[in-house]
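Below: one structure, written as structure tokens.
Residues take their numbers from the sequence shown, with the count starting at 1. Just so it is clear, the structure is predicted and the values come from calculations on it, not from any experiment.
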Amino acid sequence: MTPEEHADAAARLIEAEETGRQIGLLSLAYPGMDMDDAYAIQQALVAHKQTAGRHVIGWKIGLTSKAMQYALKIDIPDSGILFDDMAFDDGATVPKGRFIQPRVEAEIAFVMKAPLGGSQVTRDDVLAATDYVAPALEILDTRILRVDPETGRARNVCDTISDNAANAGVVLGQQRHAPDAFDLRWVGALTFRNGEIEETGLGAGVLNDPVESVVWLARRMAQYGQSIAPGHIVLSGSFIRPVECPPGARIDADFGPFGAVSVNFA
């Protein structure tokens with residue numbers, strides 16, 4: 001793909017977000033696109049948002065579970081960017097029509113107190129740079145059709161990365177913990193929709209250790225001359241399948257001793 005095609009694809013995604021009308025699969029429109037093209041489209045989308053006055057507040061890591069990697073036939077995670085207008089308070093209500101097809105995932109969030117970057121970042125580096133960890137919900141949305149109606153083809157990883165890794169929102173729980181206060185592999189959540197249990201999972205579902213997920217992000221970012229800044233939120237990856245959130249849904253994630261977090265959809 002050319003830089004002009006990257007910019008055009010990003011503009012189509014911005015329009016889809018603003019109008020609430022999904023676009024077709026970019027992987028069909030640009031059959032030769034690869035992951036480098038997808039991240040280039042994502043960066044063009046980021047540049048547009050920053051020009052419009054949005055500020056980066058962190059990063060999300062996706063496709064960290066084996067189940068999701070098998071589904072998309074890949075063997076590595078992906079990443080996207082969190083913006084200031086994506087942050088919702090614990091227990092907040094998302095306005096009607098804000099998202100197209102919202103879903104949520106339960107995750108462990110890392111909030112950084114020091115910069116983190118470089119191709120040699122280690123697990124100890126992540127722990128040293130982390131201010132605290134907290135229970136979190138990630139709100140997903142897709143500006144791209146999940147399935148092409150004519151061919152039946154599902155979106156692939158290039159579509160997802162281009163669409164800012166399907167990122168739409170973040171909700172942090174009120175509890176704060178030192179990054180080494182818990183064995184994060186054993187931190188889990190019971191996730192309820194309207195009082196009924198929907199999903200359960202453990203932190204170990206995220207690359208066997210959520211800390212290693214942040215290691216992966218820092219090393220990947222180093223390839224593009226990027227780093228994680230102090231104050232940034234890093235969503236380390238979901239350990240449950242996405243839960244659909246139709247209008248009127250209430251989502252509660254109970255992380256036990258680690259805390260809790262909830263969000264409502266008008």
Original post:
Quick one: salt bridge (Lys or Arg N to Asp or Glu O under 4.0 Å) partners of D85, sequence neighbours excluded?
Top reply: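 With neighbours one apart ignored, the set is R54.
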Does a salt bridge link [X] with [Y], judged by any charged N lying under 4.0 Å from a carboxylate O?
| X | Y | value |
| --- | --- | --- |
| R98 | E17 | no |
| R103 | E198 | no |
| D148 | R153 | no |
| D252 | R250 | yes |

Original post:
What about H177 and F258, are their ring centers closer than 6.0 Å?
Top reply: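 Distance test on ring centres: under 6.0 Å, yes.
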Original post:
Which distance, rounded to the nearest 0.5 Å, do you find between the CD1 of I61 and the OG of S213?
Top reply: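 Taking CD1 in I61 and OG in S213, the distance rounds to 3.0 Å.
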**OP:** Decide whether R146 and Q101 meet the rule of one side-chain donor and one side-chain acceptor closer than 3.5 Å.
**Re:**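 Checked: R146/Q101 side chains pair up, N/O donor to acceptor below 3.5 Å.
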**OP:** Answer yes if the side chains of T122 and D125 hold a donor-acceptor pair under 3.5 Å, and no otherwise.
**Re:**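 T122 vs D125: donor-acceptor pair found between side chains.
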**OP:** Any chance you could lay out the side-chain contact (heavy atoms from CB on, under 4.5 Å) test for M35 and C158, step after step, and finish with the verdict?
**Re:** CA-CA 6 Å; M35 290 179 68; C158 291; 4.3 Å; yes
For residues 89-97, dump all side-chain donor-acceptor pairs below 3.5 Å to protein atoms at least two apart in sequence or in another chain.
residue, atom, partner, partner atom, Å
D90, OD1, S262, N, 2.9
D90, OD2, Q174, NE2, 3.4

Subject >> S79: partners by side chain to side chain donor-acceptor pair (under 3.5 Å), with sequence neighbours left out >> reply: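 Side chain to side chain donor-acceptor pair (under 3.5 Å) check on S79 returns R220.
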**OP:** Using the side-chain contact (heavy atoms from CB on, under 4.5 Å) rule, take I228 and F110 through it: C-alpha gap first, then chi angles, then the decisive distance, then the call.
**Re:** CA-CA 11 Å; I228 303 169; F110 290 67; over 6 Å; no
